[in-house]
Amino acid sequence: MATSKLQALWNHPAGPKTIHFWAPTFKWGISIANIADFSKPPEKLSYPQQIAVTATGLIWSRYSTVITPKNWNLFSVNVAMAMTGIYQLSRKVQHDYFNEAKEAVAKE
């Protein structure tokens, strides 16, 4: 049974013998790097970079569900990219716009 599932994965149109498997697999590096940046101070985050990561994740998540063959590896990596990008953007916005309001109230 396990061999038949491995055989099916190996021969799948988006399996390891195709670029449709390897491109999303290497794209996980972007999500992993973004997760590693969770410990980075928010003032060092970049709006353009995080907007690009988020937009790429959202656009390609949708695309991966309408193409043939369905590429769930592509879908999952792009959902991860969108989620990490949204989280980083929320950290940056909170630091840039809401942290200043708290400091102003504290000074009064």
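As the structure is a computational prediction, the values presented were derived from the model and not from experiment. Note: hydrogens, waters and symmetry copies are ignored here, and every other heavy atom, side chains too, is used.
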Which heavy-atom pair separates Pro42 from His95 by the least distance, and what is that distance? CB-CB, 3.6 Å

Going through the checks in order, is the side-chain contact (heavy atoms from CB on, under 4.5 Å) test met by Asn11 and Lys17? CA-CA 8 Å; Asn11 292 322; Lys17 295 191 287 185; 3.1 Å; yes

Going only through I, L, V, M, F, W and Y residues with side-chain contacts under 4.5 Å, is there a path from Ile51 to Tyr97? yes

Interatomic distance, CD@Gln49 vs OG1@Thr54, rounded to 0.5 Å, equals 10.0 Å

Side-chain donor-acceptor pair under 3.5 Å between Gln94 and Arg91, yes or no? no

Flag side-chain contact, heavy atom, 4.5 Å: Lys27 against Met81: yes

Thr56 (side chain) donor-acceptor with Val53 (main chain) under 3.5 angstrom: no

Output the distance between atom OG1 (Thr84) and atom CD (Gln50), rounded to the nearest 0.5 Å. 7.0 Å

For a quick check under 3.5 Å, do Asn78 and Tyr63 share a side-chain donor-acceptor pair by atom type? no

From CD (Gln88) to CD1 (Ile35), nearest 0.5 Å: 9.5 Å

Can you tell me if Ser61 uses its side chain to pair, donor with acceptor, with the backbone of Val79 under 3.5 Å? yes

Beyond-backbone contact of Ser76 with Trp28, side-chain heavy atoms, under 4.5 angstrom: yes

Side-chain heavy-atom pair Thr18, Phe21 within 4.5 angstrom cut-off: yes

Reported CG-to-CG distance for the pair Asp37 and Leu45, which is rounded to 0.5 angstrom: 6.5 Å

Within the distance-only criterion (no hydrogens, no angle test), does the side chain of Lys70 pair as donor or acceptor with the backbone N or O of Thr65 below 3.5 angstrom? yes

Inspect the surroundings of CZ in Phe38 and state if more than 12 heavy atoms from other residues, nucleotides or ligands are less than 6.0 Å away. yes

Return the CD1 to CG distance between Ile86 and Leu58, rounded to the nearest 0.5 Å. 5.5 Å

Ignoring hydrogens, what is the shortest heavy-atom contact between Pro24 and Asn71? Give both atom names and the distance. CG-ND2, 4.2 Å

If two hydrophobic side chains count as joined below 4.5 Å and joins carry through other members, does Met83 share a cluster with Phe75? yes

Closest non-hydrogen atoms of Ala36 and Ser39, given as atom of the first, atom of the second and distance, are O-OG, 3.2 Å

